[in-house]
Number of protein chains: 2
Amino acid sequence: MATIYDVSQLAGVSLATVSRVMNKNTNVSEKTRQKVLDAMDKLGYRPNTFAQSLASNCSNSVGVLVSQLDGPYYGPMMAEIEASLRLENKHVIIAVGHSDAAQEKDSVEFLLDRGCDALILDVEAVSDEYLINLSKGPTSIVLINRYIEQINERCIYLENELGGYMATRHLISQGHRNIAYISGPAKKHDAIERLVGHKRALSEVNVDFDPALCFEGDYREEGGVDGMTYLLQQRPTKPFTAVVCANDQMVSGAISVCLERGMYIPQDLSFVGFDNIPFARYVSPKLTTVNNPIHEMGKMAALWLLKNLYNKNIEVNNVFMPELVERESSIPV
Amino acid sequence: MATIYDVSQLAGVSLATVSRVMNKNTNVSEKTRQKVLDAMDKLGYRPNTFAQSLASNCSNSVGVLVSQLDGPYYGPMMAEIEASLRLENKHVIIAVGHSDAAQEKDSVEFLLDRGCDALILDVEAVSDEYLINLSKGPTSIVLINRYIEQINERCIYLENELGGYMATRHLISQGHRNIAYISGPAKKHDAIERLVGHKRALSEVNVDFDPALCFEGDYREEGGVDGMTYLLQQRPTKPFTAVVCANDQMVSGAISVCLERGMYIPQDLSFVGFDNIPFARYVSPKLTTVNNPIHEMGKMAALWLLKNLYNKNIEVNNVFMPELVERESSIPV
DNA sequence: CTGTTAGCGCGTTCAC
DNA sequence: GTGAACGCGCTAACAG
């Protein structure tokens, strides 16, 4: 492997000059710049990134910490992050937190040790205080999917409360009043917010929130199955006509339970989901759901870093709006 | 940030000794080892990975190149790779190839430049020759989802041909003889192999493969939609009773077309998919499909590296077998 | 505009 | 068992 030294020899210049042309430093005459460039590709020279990082204290890498890698949620986000960063020759190191405080902290340490220039975090178990503290450290961080007032400019998030409101509001506009709810894990911020939105929509039409009609799921298909099984037990005494699930995967699980029992969807029961994952429009019935622009949020996190860390000139906005996508899983009572 | 020098000062030993205890070198007396350890955590010392990499020429990182990050396929794979490697304190750098030769090569270069100790590649556009050549280089590679004879010990793959055979064979055992096929992209190796398996099953019962009953999809829901739309046009003259799709996503798209036209599934048409993605068991009807242990293959790739590169003592096997998962989307004629 | 010279933090011979 | 010294490949003043 050729080194910068070899290049300097072949080009007949000093190490520093070679370094200058690599780093697009303007103070190099076009003539010597060409000599160096020629020498470089004659030698097939590739800079050693470790040496660069060691000397410059900049790794051109960003760590991305997500809760999980499987499921339909994080893939699109990661894809956009990778693509945006890659364009600027930054690379991404991934780590998984599993929604567990210890593992999340451990992953942060791990990424920090790896010398990441910055961290993109989608964490839920760790405390606000921890993150605020972390943000005061030398490595800048961006939060996806979480809002913390003290560091709000570092937060890229969806108005989950509004989304939850829209889901239930839609059912209400269709005449539903007895609406069950399968929520996400109570420890997840977005799950809490979506539920709050649901309650707000209910209270707007003076319907009391009934805890017996609310089940805490896990954001997975199984959670939908469990939730629906539970709700169906309640139904004889609490005849709800619609169910909103805090994400599409749970809708899918919930509907599968209904179909197995011979119910017709949406005739017997209306459903509204959340996230608008790709499957939502191919499943039967096609899911009415709330769109979550997760890929855009991933991209925005990457752009935020490019702007604030690598000084690119880019427009950034932090907050994203949910949108109702009306399809076939919900109908008027 | 404390350096190795600070530790050596506090412990009253030399730099070399500190380095020795870090690298578990045995030639250190227990007494001085303790002094060093104490000094380390007193200072909150963390080794600088760049300096380590530069000096040792080993980065403890592996590059993972996949075709795409979204969709239900690569998430589980990435998850297992990350988990297995992380346990050994290796980190993973991801890159995306988009099934395009230029981008795949570019990504390989990118990862190589990043000083990865090894590469895990799930590539399809790049030629066998390129990969064989790459395997001769200083950085070792593992291939997921692809078999190349000359470097077979580096290949972790599924018996796709057998899987394709099993899918169609299942339908045949149910009495179907006129079976349509929606394949994956012709440029993808696994798509080709699955189709070959399909043809083998057909020929076993002396049924001629009818090109008019075969559609090249894209492995996405849209491909299933397009494929089914096409096939339905053929049906008046070619009355097939079953469809096998080269993956579950396309089944989902295909079924949605049928349902929209008022057909009943599986009564009017049987379906068999491939991959057994999580959704397959929650969709209606529940998908009969061929299980693809993609997460195990991811894990195996990571273990292979641990064994062959980092000298861990691990059992490894390269080839995985598909398994038919019978559910509800296919019934006897 | 270009060259010289220190480091960056750590691994690794060598002596002792 | 331990320490001194050099080198990994590159960046960043500083000097000219």
Side-chain angles (χ1 to χ4, degrees), chain A residues 1-40 43-61 89 112-117 138-139 310-311, chain B residues 1-40 43-61 89 112-117 138-139 310-311:
Chain A
M1 208 70 247
T3 75
I4 195 175
Y5 177 78
D6 302 325
V7 176
S8 75
Q9 292 298 299
L10 211 175
V13 298
S14 75
L15 292 175
T17 302
V18 178
S19 177
R20 286 193 188 94
V21 345
M22 288 180 44
N23 299 298
K24 319 237 181 280
N25 198 314
T26 46
N27 297 335
V28 183
S29 75
E30 192 50 40
K31 211 175 64 186
T32 60
R33 146 186 241 77
Q34 264 314 325
K35 277 195 304 189
V36 172
L37 255 23
D38 289 348
M40 279 182 173
L43 291 171
Y45 169 73
R46 335 232 30 157
N48 180 313
T49 55
F50 300 128
Q52 285 180 317
S53 297
L54 183 57
S56 68
N57 199 30
C58 165
S59 68
N60 281 316
S61 77
N89 248 279
L112 254 23
D113 280 353
R114 254 64 204 161
C116 295
D117 292 342
T139 308
Y310 300 116
N311 302 315
Chain B
M1 208 70 248
T3 76
I4 196 177
Y5 177 79
D6 302 325
V7 177
S8 76
Q9 292 298 301
L10 212 175
V13 297
S14 76
L15 294 174
T17 302
V18 178
S19 176
R20 287 195 188 91
V21 346
M22 285 179 48
N23 298 298
K24 320 232 181 281
N25 198 312
T26 46
N27 297 333
V28 184
S29 73
E30 191 51 39
K31 212 174 65 187
T32 60
R33 148 187 238 73
Q34 264 313 325
K35 276 196 305 189
V36 172
L37 256 22
D38 288 349
M40 278 184 173
L43 291 171
Y45 169 72
R46 335 233 30 157
N48 180 314
T49 55
F50 299 127
Q52 284 180 318
S53 297
L54 183 57
S56 69
N57 200 30
C58 163
S59 68
N60 281 316
S61 76
N89 249 282
L112 254 21
D113 280 353
R114 254 64 203 164
C116 295
D117 293 341
T139 308
Y310 300 118
N311 303 316

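Here is how names work: the chains are called A, B, and so on, in the same order as the sequence lines, proteins then strands, and each is numbered from 1.
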Using OP1 and OP2 only, check whether a side-chain N or O of [X] sits under 4.0 Å from [N].
X	N	value
A/Gln52	D/dT11	yes
A/Ser29	C/dC1	no
B/Asn57	C/dG11	no
A/Tyr45	D/dC10	yes

Roughly, in whole Å, what's the span from [atom1] in [X] to [atom2] in [N]?
X	N	atom1	atom2	value
A/Arg46	D/dG9	CZ	P	16 Å
B/Phe50	D/dT11	CZ	C1'	14 Å
A/Tyr5	C/dT5	OH	P	13 Å
B/Asn48	D/dT11	CG	P	16 Å
A/Met22	D/dG9	CE	P	13 Å
A/Leu54	C/dG9	CG	P	7 Å
B/Asn60	C/dC10	CG	C1'	14 Å
A/Leu43	D/dC10	CG	C1'	16 Å

In Å and rounded to the nearest 0.5 Å, what is the [atom1] to [atom2] distance from [X] to [Y]?
X	Y	atom1	atom2	answer
B/Tyr5	B/Ser14	OH	OG	11.5 Å
B/Asp113	A/Asn60	CG	CG	12.0 Å
B/Arg114	A/Ser53	CZ	OG	8.5 Å
B/Leu112	B/Thr139	CG	OG1	4.5 Å
A/Ser59	A/Gln52	OG	CD	11.0 Å

Residue met sooner reading DNA chain D from 5', once A/Thr49 and B/Gly12 are mapped to nucleotides: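 So the residue in question is B/Gly12.
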Earlier contact from the 5' end, DNA chain D, for B/Leu15 and A/Ile4: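 Upstream on the strand: B/Leu15.
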Just to be sure I understand the rule, does [X] reach a base, reach only the sugar-phosphate, or reach nothing, if contact means heavy atoms closer than 4.0 Å?
X	result
B/Val13	sugar-phosphate
B/Ser19	base
B/Thr32	sugar-phosphate

Tell me the closest heavy-atom pair linking A/Ser19 and A/Ile4, and the distance in Å.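 Taking every non-hydrogen atom into account, N-CD1, 3.8 Å.
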Side chain of [X], heavy atoms from C-beta onward: which of [options] has the nearest atom to it?
X	options	value
A/Ser14	C/dG11, C/dT4, D/dC10	C/dT4
B/Asn23	D/dA13, D/dC10, C/dG11	C/dG11
A/Ser56	C/dT2, D/dA12, C/dG9	D/dA12

Counting distance alone, no hydrogens or angles: does the base of C/dG3 have a donor or acceptor under 3.5 Å from a partner atom on the side chain of A/Arg20?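 Check passes, donor-acceptor contact within cut-off.
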